[in-house]
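The structure under discussion appears below in the form of structure tokens.
Hydrogens, waters and symmetry mates play no part in the numbers below; they use all other heavy atoms, side chains included. Sequence positions, counted from 1, serve as the residue numbers for this chain. Here the structure is a predicted model, which means the values were calculated and not measured.
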Amino acid sequence: KTFKVAVVGATGAVGETMLSILAERNFPVGELVALASAKSAGTKVKYGHRDVVVQDLATFDPAGVDIALFSAGAATSKEHAPKFAAAGAVVIDNSSAFRYEDDVPLVVSEVNPDQVANRPRGIIANPNCSTMQMLVALAPIHRKAGIERINVATYQSVSGGGRSALEELGRQTAGILNFQDPEPKRFPVQIAFNLIPHIDDFQPNGYTKEEMKLVWETRKILGDDSIRVNPTAVRVPVFFGHSEAVNVETREKITADEVRTMLRAAPGVEVVDDREPGGYPTPVTHASGRDPVFVGRIRDDESHPRAVNLWIVSDNIRKGAALNAVQIAELVADER
Ligand code: 2RA
């Protein structure tokens, strides 16, 4: 069986990675449709070794599409995902548009794959990248010892902000070294050689929406509204790869040694945890272009009787978005 697959947002960083991963993993594509805005229509994107001509989403008829991968922003998903679903496609949406709707499953392929079948609206939501990598590492701990509370600080690369953010970091970095004004545009202040504790909109409670995504999505994916999450999301001058410093408090005592042993066998995880220089994952040495969620700096929290610290690094464009979406598509394909 082959499938007619549409990638919506095919010219974006995530969309292009979806195309390459579909090819890399030999997804059974009978026909591939690359969709984007009118301004991109007619350009070409790579699908493996092939060039595919981008079509205009606004005028595209979704009839016959079996699976549609969306990564074109929440507004585009809100407008077009229901049309693709109504035409019979299974929509896998990487935007935040439907993540928090009760009748839309929010799926991390290694954590709650069983939820894929539960899609009354024909839409499955892909979690936010920072949630994705955190839960691939924490789900085994939750199953074994029960998680009560998570404190997490994220160090998010600019690629999460798309092409314009990548360009801004590059331009400012080179410019500043040549004594040029940083001229912030995509970010509110200079991002080169700086840290910005602000991603997405501020909420009434003082957290940002990026931080609240970690709260809302953790509870939904693990199916436990009692889990308390206290996030701080920070944009850092890194091109690819999100990192997270996580402290997790558990109901049952679990030691760092037990966590390390368990994670070495956990799906989607690679433990890099040698207590010596370089014995830990970093965005540059581990995250860029690779699939696993890397975990290091695993150690007992000396300030708490039942808590463990971890350092979690992953490629936010691959596992954080594109790979998980394709893994969900594989689960859908296996149903047929
Ligand atoms: C970011 N997670 O990093 C958000 C959206 N990709 O900007």
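Taking each heavy atom of Ser314 and Pro292 in turn, the nearest pair found is OG-O, 3.5 Å. Across every non-hydrogen atom of Ile227 and Ile147, the tightest pair is CG1-O, 3.6 Å. In this structure, Pro105 and Gln115 approach most closely via the heavy-atom pair CB-O, 3.4 Å. Here the shortest heavy-atom pairing between Ala10 and Ala36 reads N-CB, 4.5 Å. Leu106 and Arg99 get closest at one heavy-atom pair: CD1-CG, 3.5 Å.
By the 6.0 Å contact criterion, CZ on Arg219 is enclosed, its count of non-hydrogen atoms from other residues, nucleotides or ligands being greater than 12. By the 6.0 Å contact criterion, NZ on Lys46 is enclosed, its count of non-hydrogen atoms from other residues, nucleotides or ligands being greater than 12.
Using modelled atom types, one finds no donor on one side chain facing an acceptor on the other under 3.5 Å when comparing Glu258 with Thr261. No hydrogens or angles considered: nothing links the side chains of Ser40 and Thr43 as a donor-acceptor pair under 3.5 Å. Between the side chains of Thr255 and Asp257, no donor-acceptor pair of N or O atoms lies under 3.5 Å. Donor-acceptor pairing under 3.5 Å is recorded for the side chains of Asn309 and Asn247. Asn230 and Tyr207 form a side-chain donor-acceptor contact under 3.5 Å, judged by distance and modelled atom types alone. Between Glu210 and Asn128, the side chains place a donor N or O and an acceptor N or O closer than 3.5 Å (distance only, hydrogens not considered).
No donor-acceptor distance shorter than 3.5 angstrom exists from the side chain of Asp200 to the backbone of Thr208, with no hydrogens or angles considered.
The aromatic rings of Phe60 and Phe84 sit parallel to each other, their planes meeting at less than 30°, with 60° as the upper class boundary.
With Val136 as reference, Val269 is the one residue of Val295, Asn324, Val269, Thr131 to meet the side chain to side chain contact (heavy atoms under 4.5 Å, CB included) rule.
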(Q) Assess the residue pair Glu101 and Ile123 against the criterion (side chain to side chain contact (heavy atoms under 4.5 Å, CB included)); give the C-alpha distance rounded to whole Å, side-chain angles, the decisive distance to 0.1 Å, and a yes or no. (A) CA-CA 10 Å; Glu101 314 256 336; Ile123 297 173; over 6 Å; no
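In this structure, the side chains of Lys4 and Val33 come closer than 4.5 Å at one or more pairs of heavy atoms. At least one side-chain heavy atom of Leu32 sits under 4.5 Å from a side-chain heavy atom of Leu19. Looking at Lys213 and Pro127, their side chains never come closer than 4.5 Å, going by heavy atoms from C-beta outward. In this structure the side chain of Arg260 reaches within 4.5 angstrom of the side chain of Val271, judged on heavy atoms. At least one side-chain heavy atom of Ser130 sits under 4.5 Å from a side-chain heavy atom of Leu214.
Using a 4.0 Å cut-off between a side-chain N of Lys or Arg and a carboxylate O of Asp or Glu, Arg318 and Asp291 qualify as a salt bridge. Between Lys220 and Glu217, none of the side-chain N atoms (NZ, or NE/NH1/NH2) sits under 4.0 Å from a carboxylate O, so this pair counts as no salt bridge.
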